[in-house]
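The structure appears right after this line, and notes come after that.
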Amino acid sequence: MDLKKTAENINILADFCGVRDIEELRQNTLKEKYGFEKADVLILFGGSIPVGCDTAAAGYLNGAARRLMIVGGEGHTTEFLRQNIHDQCPEIETNGRMEADIMEEYISQKYGIQNILIERTSTNCGNNVTNALEVLKNSRVETKNVILMQDAAMQRRMWAGFAKHAPDITAVNFAAYRNKVIVENEKLEFCDKSLWGMWSMEQYITLLMGEIPRLSNDTNGYGPKGCNYIAEVDIPDTVQNAFVELKDIYSENIRTANPKYASPKI
């Protein structure tokens, strides 16, 4: 498979996994599609690369949500977040700290946003959802609708977890970023090379390749016919075909779950 076709297949997976239900996080776009101008809560999940902090802050300051919430303890992407935040903001102590606390300090310092709801004990996408719902319940925050913001590689799975555990809540997807893969100088490159904290190409492919088996509703997947961690996800043939073609090249890049961060609620 030539590089152009490889890039095309990577982008097919990325478009599927990194879903955005609206083009911009603004009141008018929410009103046009959902009939409300403000979501009750915008939830930023700690698995996102650091630029997600800026995306979430911009959406909140645009008036897209009444409250901002950050969810994340320590998981397989935490050390990457710690390093990136500290490199850009050395005044923020990140060593040993939970994702939500690091992101909250960055957002409050840069954007002046206060009264952010925090969940700091979750370790994976599954208890990201269940623990977030518990915090919202205990905080007595009205939650009829939410905006979910996760790393683009994991956005659809986050929504599927929310659909399973909170089917009565309207969940709007808005992946933290979009970054097309292109062929440049006979190599795979990101279209936006300036995106803060962007994964290496190998990390990005590994994350995307790990999502399709997880999203599958079969005996090995996370859907109801398998582990039953998430609601059923319909994976289009175009996405399945892209995954199969990429698997011929990147079979070793299919990320397996790290038992260190597993939990009964995954």
Side-chain angles (χ1 to χ4, degrees), residues 1-20 44-56 72 74-88 99 102-103 124-125 128 148-161 173-216 221-222 233 235-236 238-258 261:
M1 183 165 49
D2 64 22
L3 280 179
K4 185 176 180 181
K5 181 62 175 176
T6 299
E8 179 184 327
N9 282 334
I10 293 169
N11 289 328
I12 288 171
L13 296 192
D15 288 344
F16 179 70
C17 293
V19 59
R20 283 184 173 180
L44 171 65
F45 293 93
S48 171
I49 61 173
V51 77
C53 296
D54 300 310
T55 309
E74 184 172 22
H76 71 94
T77 62
T78 306
E79 196 55 41
F80 188 77
L81 176 73
R82 287 169 177 158
Q83 292 172 1
N84 274 280
I85 293 279
H86 190 67
D87 286 347
Q88 179 142 327
E99 294 169 338
I102 297 168
M103 293 172 126
N124 55 62
C125 279
N128 273 173
L148 304 178
M149 185 178 295
Q150 174 59 289
D151 190 88
M154 296 174 275
Q155 177 71 39
R156 189 173 291 273
R157 179 154 56 103
M158 188 61 69
W159 169 85
N173 283 297
F174 198 85
Y177 61 91
R178 284 175 168 169
N179 203 357
K180 290 287 185 185
V181 172
I182 58 175
V183 178
E184 190 172 85
N185 299 323
E186 300 184 3
K187 293 193 306 181
L188 296 174
E189 298 282 0
F190 290 111
C191 187
D192 185 351
K193 297 179 178 62
S194 66
L195 202 62
W196 181 31
M198 187 62 195
W199 309 105
S200 70
M201 186 62 68
E202 182 178 3
Q203 288 172 317
Y204 188 55
I205 292 170
T206 297
L207 287 170
L208 290 172
M209 292 294 288
E211 284 304 295
I212 304 307
R214 286 168 168 78
L215 291 170
S216 298
Y222 283 9
V233 174
I235 303 177
T238 53
V239 176
Q240 289 281 18
N241 292 339
F243 173 75
V244 169
E245 290 182 5
L246 288 169
K247 194 175 177 181
D248 289 338
I249 309 171
Y250 299 111
S251 60
E252 295 182 0
N253 292 71
I254 300 177
R255 183 177 67 85
T256 57
N258 187 337
Y261 304 117

Does [X] use its side chain to pair, donor to acceptor, with the backbone of [Y] at less than 3.5 Å?
| X | Y | answer |
| --- | --- | --- |
| Asn11 | Val181 | yes |
| Asp151 | Ala153 | yes |
| Glu189 | Glu184 | no |
| Glu211 | Arg157 | no |

Exercise. Got more than 12 heavy atoms from elsewhere within 6.0 Å of NZ, Lys187?
Worked result: no
Looking at every heavy atom in both [X] and [Y], which two are closest together, and how far apart are they?
| X | Y | result |
| --- | --- | --- |
| Ile182 | Cys191 | CD1-CA, 4.1 Å |
| Cys53 | Met103 | SG-CG, 3.6 Å |
| Ala14 | Leu208 | CA-CD2, 3.9 Å |
| Ile85 | Pro50 | CD1-CB, 4.1 Å |
| Asn84 | Gly197 | OD1-CA, 3.3 Å |
| Phe16 | Val233 | CZ-CG1, 3.9 Å |

Could you pull out all residues at least two apart from [X] that satisfy ring-ring contact (aromatic ring centres under 6.0 Å, His included)?
| X | value |
| --- | --- |
| Tyr177 | none |
| Tyr204 | Phe190 |
| Trp199 | Phe80 |

Problem set entry | Stepwise side chain to side chain contact (heavy atoms under 4.5 Å, CB included) check, Leu13 with Met209 | CA-CA 8 Å; Leu13 296 192; Met209 292 294 288; 4.0 Å; yes
State which residues pass side-chain hydrogen bond (donor to acceptor under 3.5 Å, both in side chains) with [X]; sequence neighbours excluded, sorted by chain then number.
| X | result |
| --- | --- |
| Thr78 | Glu99 |
| Glu245 | Asn9 |
| Asp15 | Lys180 |
| Gln83 | none |

Problem set entry | Verdict with reasoning, Cys17 to Val239, per side chain to side chain contact (heavy atoms under 4.5 Å, CB included) | CA-CA 10 Å; Cys17 293; Val239 176; over 6 Å; no
Rounded distance [0.5 Å steps], [atom1] in [X] versus [atom2] in [Y]:
| X | Y | atom1 | atom2 | answer |
| --- | --- | --- | --- | --- |
| Ile205 | Leu246 | CD1 | CG | 7.5 Å |
| Thr206 | Tyr250 | OG1 | OH | 9.5 Å |
| Ile235 | Leu215 | CD1 | CG | 5.5 Å |
| Leu207 | Thr77 | CG | OG1 | 8.5 Å |
| Leu81 | Ser48 | CG | OG | 8.0 Å |
| Leu3 | Leu188 | CG | CG | 5.0 Å |

For this session: Decide yes or no on side chain to side chain contact (heavy atoms under 4.5 Å, CB included) for Arg156 and Asn173, but give the supporting numbers first.
Result: CA-CA 8 Å; Arg156 189 173 291 273; Asn173 283 297; over 6 Å; no
Under the salt bridge (charged side-chain N to carboxylate O under 4.0 Å, His left out) rule, collect the residues that match up with [X], sequence neighbours excluded.
| X | value |
| --- | --- |
| Arg82 | Glu74, Glu79 |
| Asp192 | none |
| Lys4 | none |

Exercise. Side chains of Ser200 and Gln203: is there a donor and an acceptor less than 3.5 Å apart?
Worked result: yes
Exercise. Below 4.5 Å, heavy atoms only, C-beta onward: do Phe243 and Pro213 meet side chain to side chain?
Worked result: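 Answer yes - side chains close enough.
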For this session: Please lay out, stage by stage, how Phe45 and Leu148 fare under the test side chain to side chain contact (heavy atoms under 4.5 Å, CB included).
Result: CA-CA 8 Å; Phe45 293 93; Leu148 304 178; 4.0 Å; yes
For this session: Could I get the full list of side-chain contact (heavy atoms from CB on, under 4.5 Å) partners for Thr55, not counting sequence neighbours?
Result: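 Here the qualifying residues are Arg20, Met149, Phe174.
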For this session: Sequence neighbours left out, what passes side-chain contact (heavy atoms from CB on, under 4.5 Å) with Val244? Give chain and number order.
Result: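 So Val244 forms no side-chain contact (heavy atoms from CB on, under 4.5 Å) with any residue.
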